[in-house]
Protein chains: 2
Amino acid sequence: MNLEDAKIKYIQTWGSLATSWGINKTMAQVHALLLATNKALSADEIMEALKISRGNVNMNVRALIDWGIVRKEFVAGERKEFFVADKDIWELFKQVTKERKKREIEPVLKVLEELQNDVSEDSEDAEVFRKLMKDILSVTGMFNGLLEKAIKADEHWLLSNFTKLIKR
Amino acid sequence: MNLEDAKIKYIQTWGSLATSWGINKTMAQVHALLLATNKALSADEIMEALKISRGNVNMNVRALIDWGIVRKEFVAGERKEFFVADKDIWELFKQVTKERKKREIEPVLKVLEELQNDVSEDSEDAEVFRKLMKDILSVTGMFNGLLEKAIKADEHWLLSNFTKLIKR
DNA sequence: TTTTATTTTCAATAATTTTTGAAAGTTTAG
DNA sequence: CTAAACTTTCAAAAATTATTGAAAATAAAA
């Protein structure tokens, strides 16, 4: 298979995985495109490559920058902005994990903890409820812990398998 | 806070977490409701509790049964079907993880592997691409491995923290 | 300053996903 | 068998989410 087709297939595949995990398809595709490209791309180039509008590119690139996984790069003599995604996927994984943990999981844990404490009723039903909260907190907490461990493992651990970032 | 309000808040919270992870809100809420209820519920009771239509209940309960995390239960002398979610959240976590792994992650890994092998071109770009595939496979594979480990840890490990399933 | 290039915003539109509700199907009871 | 109780299906409607595109804002060049 030639490189161009492979890139397209990879971008599609990645986009559809993203979709089923609640991540905007375009966002995943922009990111995939940047990862697969050995130079910084302008908004126009992204529009062209993915056949999407300027507004869409702008919004999604900005979101990726917010996530901290894409950055602007200035190109000498060019007025336009260019964008890069660093190719160390491990970093990306860490970033995304941290962000989602903070934004989505932790607030939920907080609510569940409050609920556990706030229900002081003495019925069997209330007991069941408190136990449920406790169990959910256990599992979610364990999951959170797993992620944290993975995040901290850095440099060591499975990292040895990684192809190091190609500096540009 | 009284139990009813707490249940409602919990069901809402859980539903919104589900939404941001690409899981249907109603599905998560039906499941949350069943978990928080100390008896099997009929379709009518679910409709009433969540204020949703019969069709919606039917579809989502069926989906939950497909996931293997809700089951039908027969009640003596009743013609209706009743539904229960087992309260061992650990089991649930394992089931959901296994299912999503199988349905969503593994096919993607397969595509990426193929792409890695199929691109035989010799340019620097192709090299970058192959490295990217390798890295993505590493991370995804590691993640998969983590989940697998967690799934297998069963009985031992963090499980000791769990409130055991209340048999009904 | 004015002009030109570029980015950002956001209301309108399109696409997708979810939900409804009534009709069709099924099962059980009489 | 027929009627009643209940479940399933699915086309249409509603809700949500993503995308466009053109106008407004910003920044750089002339």
Side-chain angles (χ1 to χ4, degrees), chain A residues 11-12 14-34 40-67 70-84 100 103-104, chain B residues 11-34 39-67 70-84 100 103-104:
Chain A
I11 289 169
Q12 302 294 356
W14 207 240
S16 74
L17 182 62
T19 302
S20 72
W21 283 83
I23 294 165
N24 178 295
K25 192 179 85 185
T26 303
M27 189 167 149
Q29 291 187 333
V30 170
H31 182 241
L33 173 66
L34 291 175
L41 297 181
S42 68
D44 293 86
E45 288 168 314
I46 297 171
M47 285 171 66
E48 166 60 24
L50 302 179
K51 313 287 183 218
I52 57 179
S53 74
R54 182 175 302 285
N56 201 5
V57 168
N58 186 277
M59 284 187 146
N60 282 292
V61 166
R62 213 152 26 78
L64 286 165
I65 291 174
D66 283 350
W67 281 95
V70 160
R71 61 194 163 75
K72 292 186 182 178
E73 198 168 78
F74 294 95
V75 172
E78 282 278 14
R79 211 160 130 179
K80 283 182 196 167
E81 293 179 322
F82 290 79
F83 305 97
V84 216
R100 293 202 96 176
R103 293 187 201 188
E104 295 164 2
Chain B
I11 289 170
Q12 303 294 355
T13 305
W14 206 240
S16 75
L17 182 63
T19 302
S20 74
W21 284 83
I23 293 166
N24 178 295
K25 192 180 85 184
T26 304
M27 190 168 148
Q29 291 188 331
V30 170
H31 182 241
L33 174 66
L34 291 175
K39 66 179 182 55
L41 296 180
S42 67
D44 293 86
E45 288 168 313
I46 297 171
M47 286 170 67
E48 167 60 24
L50 303 179
K51 312 285 183 219
I52 57 178
S53 74
R54 184 175 301 285
N56 201 4
V57 169
N58 187 276
M59 283 185 146
N60 283 292
V61 165
R62 212 148 33 73
L64 286 166
I65 291 174
D66 283 351
W67 281 94
V70 160
R71 59 192 165 77
K72 292 186 184 180
E73 199 169 77
F74 294 96
V75 172
E78 282 277 15
R79 210 157 132 183
K80 283 180 194 168
E81 292 180 323
F82 290 78
F83 306 97
V84 215
R100 293 202 95 175
R103 293 187 200 188
E104 295 163 3

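In what follows, chains carry the letters A, B, and so on, assigned in the order in which the sequence lines appear, proteins first and then strands, with residues in each chain numbered from 1. Keep in mind that what you see is a predicted model, and the values were worked out from it rather than measured.
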Sorted by number, the residues of residues 53-65 of chain B with heavy-atom contact under 4.0 Å to DNA chain D: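 Contacting residues: B:R54, B:G55, B:N58, B:M59, B:R62.
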Start at the 5' end of DNA chain C and walk down; is the nucleotide closest to A:D44 or to B:K51 reached first?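 Here A:D44 is the residue nearer the 5' end.
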Identify the residue among B:I46, B:V57, B:N56 that makes a side-chain contact (heavy atoms from CB on, under 4.5 Å) with B:V30.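 Only one of B:I46, B:V57, B:N56 forms a side-chain contact (heavy atoms from CB on, under 4.5 Å) with B:V30, namely B:I46.
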Check against side chain to side chain contact (heavy atoms under 4.5 Å, CB included), B:W14 and B:I11: CA-CA 5 Å; B:W14 206 240; B:I11 289 170; 6.0 Å; no
Holding to side chain to side chain contact (heavy atoms under 4.5 Å, CB included), I want the full list of residues that pass it with [X], two or more places apart in sequence or in another chain.
{"X": "B:I23", "result": "B:A18, B:R100"}
{"X": "A:R79", "result": "none"}
{"X": "A:E81", "result": "A:K72, A:F83"}
{"X": "A:N24", "result": "A:T26, A:M27, A:N60"}

[X] [atom1] to [Y] [atom2] distance, which is reported to the nearest 0.5 Å:
{"X": "A:L50", "Y": "A:L33", "atom1": "CG", "atom2": "CG", "result": "5.0 Å"}
{"X": "A:R71", "Y": "A:L34", "atom1": "CZ", "atom2": "CG", "result": "10.5 Å"}
{"X": "B:E104", "Y": "A:T19", "atom1": "CD", "atom2": "OG1", "result": "10.5 Å"}

Output every pair passing salt bridge (Lys or Arg N to Asp or Glu O under 4.0 Å) with a member in residues 50-60 of chain A, not counting sequence neighbours, ordered by first then second residue.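 Every pair satisfying salt bridge (Lys or Arg N to Asp or Glu O under 4.0 Å) with a residue in residues 50-60 of chain A: A:D44-A:R54, A:E48-A:K51.
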Residues from residues 14-30 of chain A lying under 4.0 Å of DNA chain C - heavy atoms: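 The stretch gives none, as no residue of it lies under 4.0 Å from the strand.
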Partners passing side-chain hydrogen bond (donor to acceptor under 3.5 Å, both in side chains) against A:S42 (at least two apart in sequence or in another chain):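 Expected list: A:E45.
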In chain order, what residues pass the side-chain hydrogen bond (donor to acceptor under 3.5 Å, both in side chains) check against A:S53, with sequence neighbours excluded?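 Not a single residue meets the side-chain hydrogen bond (donor to acceptor under 3.5 Å, both in side chains) criterion with A:S53.
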Among all residues two or more places apart in sequence or in another chain, which pass the salt bridge (Lys or Arg N to Asp or Glu O under 4.0 Å) test with B:R103?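 With sequence neighbours excluded, B:R103 shows a salt bridge (Lys or Arg N to Asp or Glu O under 4.0 Å) to B:E99, given in chain and number order.
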Please find the earliest and latest nucleotides of DNA chain C, in the 5' to 3' direction, that have an atom within less than 4.0 Å of any heavy atom of chain B.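 For DNA chain C, the relevant span reads C:dT18 to C:dA29.
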Would you mind reading off the distance between A:I46 atom CD1 and D:dT20 atom P, rounded to a whole angstrom?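 Taking atom P of D:dT20 as the reference, CD1 of A:I46 is at 14 Å.
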In 5'-to-3' order, the base (B), backbone-only (S) or no-contact (-) status of each nucleotide in nucleotides 25-30 of chain D, using a 4.0 angstrom heavy-atom cut-off, is --BBS-
